[in-house]
2 protein chains.
Amino acid sequence: MDNDMQYCTVEPALDVIVGKWKISILFLLFQGTKRFSELQRDIPDITKKVLASQLRELEEQDIIRRVVYAVVPPKVEYSLTEYGHSVKPVLQTIHQWGRAHLEHMGLKKGIEETTT
Amino acid sequence: MDNDMQYCTVEPALDVIVGKWKISILFLLFQGTKRFSELQRDIPDITKKVLASQLRELEEQDIIRRVVYAVVPPKVEYSLTEYGHSVKPVLQTIHQWGRAHLEHMGLKKGIEETTT
DNA sequence: CTGGATCCGTCGGGATACTG
DNA sequence: CAGTATCCCGACGGATCCAG
């Protein structure tokens with residue numbers, strides 16, 4: 001990876017959003033602080049292990065904050081760091097283009113089918 | 001994946017840029033039309049098979065165009081479609097945030113180290 | 001409740017050889 | 001030159017069980 005010195009800085013950003021569930025997690029946390037169990041409830045198809053691992057990655061990247069309460073039963077809250085909020089515009093940009101992309105591909109498919 | 005109806009449109013966009021070499025390919029094609037061999041030369045660590053597969057994916061997504069010349073030896077040119085150019089701002093947004101992210105993580109690391 | 005540990009399947013990507 | 005065909009491997013994610 002030395003051929004793309006000039007532009008390889010795209011990739012670190014991708015680490016933050018690439019991961020099967022990271023985007024779901026981020027969107028949920030954009031709404032505010034969530035507990036582990038809340039995230040698990042709102043993302044039904046994710047397992048604890050994977051949720052935990054994705055959260056840990058985001059935490060290491062300083063995108064989210066993990067707060068452990070010394071109570072029983074345990075309580076852990078996750079929230080965006082101040083820095084974490086800065087990914088929002090990135091996600092929105094991708095989101096908008098993604099919508100346009102879907103539409104574009106839909107149109108293309110429609111056109112192709114009308115030619116049959 | 002029915003829990004994130006509202007925001008799952010982030011993912012299709014990601015398909016375009018996720019892939020170990022897609023970003024490198026896109027950046028090269030932003031410069032203009034390239035032949036297969038040129039791409040391979042400019043991305044030294046990629047193999048033909050992988051280059052071909054990544055190109056095919058981008059082509060299916062209507063991001064790039066593949067033009068085959070009926071000459072011998074064979075000649076194939078790849079270029080961005082008009083639509084493909086629209087990913088540029090997306091990449092730039094990610095790129096900019098990526099740079100800031102690197103800097104941020106660097107600072108964080110520095111701070112942590114000065115505390116030792 | 002919030003995880004960690006373990007095992008396992010899948011899939012993207014890589015090495016190599018072959019072809020039109 | 002521009003690929004395809006095969007085989008291979010490691011990383012990621014999933015299922016299940018265990019623990020503080």
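Quick note on labels: first sequence line is chain A, next is B, and so on, each numbered from 1.
Between B:Leu55 atom CG and D:dA2 atom P there is a gap of 11 Å when expressed in whole angstrom units. Rounded to whole Å, atom C1' of D:dC1 lies 8 Å from atom NZ of B:Lys48. In this structure, B:Arg41 atom CZ and D:dA2 atom P are separated by 11 Å, rounded to whole Å. Here C:dG3 presents its C1' atom at 13 Å from CG of A:Leu39, a figure rounded to the nearest Å. Nucleotide C:dG12 holds its P atom 15 Å from the CD1 atom of B:Ile46, rounded to whole Å. Following rounding to the nearest Å, B:Gln40 (CD) and C:dA15 (P) show an atom-to-atom distance of 12 Å. In this structure, B:Asp15 places its CG atom 13 Å from C1' of C:dG12, rounding to the nearest Å. Distance CD1 (B:Ile43) to P (C:dG14): 11 Å, rounded to an integer number of Å.
Between B:Leu80 and B:Leu26, the closest side-chain pair of non-hydrogen atoms falls below 4.5 Å. In this structure, B:Tyr78 and B:Ile25 have side chains that are not in contact, with every pair of non-hydrogen atoms separated by 4.5 Å or more.
A:Tyr69 comes within 4.0 angstrom of no nucleic acid atom, judged by non-hydrogen atoms across all strands. B:Lys75 comes within 4.0 angstrom of the backbone, heavy atoms only, and of no base.
Using a cut-off of 4.0 Å between Lys/Arg side-chain N and Asp/Glu carboxylate O, A:Lys22 and A:Glu57 are scored as salt-bridged.
Looking at the side chain of A:Lys20, the nearest of the listed nucleotides D:dG13, D:dT4, C:dC1 is D:dG13. Across C:dG3, D:dA15, C:dG14, the shortest atom-to-atom separation from the side chain of A:Thr47 is found for D:dA15. With distances taken from any side-chain atom of B:Arg56 to the nucleotides D:dT4, C:dC1, C:dG20, the minimum falls on D:dT4. The side chain of A:Ser37 lies closest to C:dC1, out of C:dG14, D:dG3, C:dC1. Comparing atom distances between the B:Trp21 side chain and each of C:dC1, C:dG4, C:dG13 picks out C:dG13 as nearest. Out of D:dA2, D:dC7, D:dG14, the shortest distance to the side chain of B:Lys49 is found at D:dC7.
Toward the 5' end of DNA chain C, the nearer of the two residues A:Pro73 and B:Pro74, judged by each one's closest nucleotide, is A:Pro73. The residue among B:Ser53 and A:Ser53 whose nearest nucleotide of DNA chain D lies closer to the 5′ end is B:Ser53.
Taken to the nearest 0.5 Å, the CG atom of B:Leu39 stands 8.5 Å off from the CD1 atom of B:Ile46.
Using a 4.0 Å cut-off, some side-chain N or O of A:Tyr78 falls inside it from OP1 or OP2 of C:dG3. Considering only side-chain N and O atoms, A:Arg35 lies under 4.0 angstrom from the phosphate OP1 or OP2 of C:dT2. Side-chain nitrogen and oxygen atoms of A:Gln54 include none within less than 4.0 Å of the OP1 or OP2 phosphate oxygen of D:dC12. A sub-4.0 Å separation between OP1 or OP2 of C:dG3 and a side-chain N or O of A:Arg66 is present.
The local environment of CD in B:Glu103 is sparse, with at most 12 non-hydrogen atoms from other residues, nucleotides or ligands closer than 6.0 Å.
The backbone N or O of B:Trp21 lies less than 3.5 Å from a partner atom in the side chain of B:Gln54, making a donor-acceptor pair.
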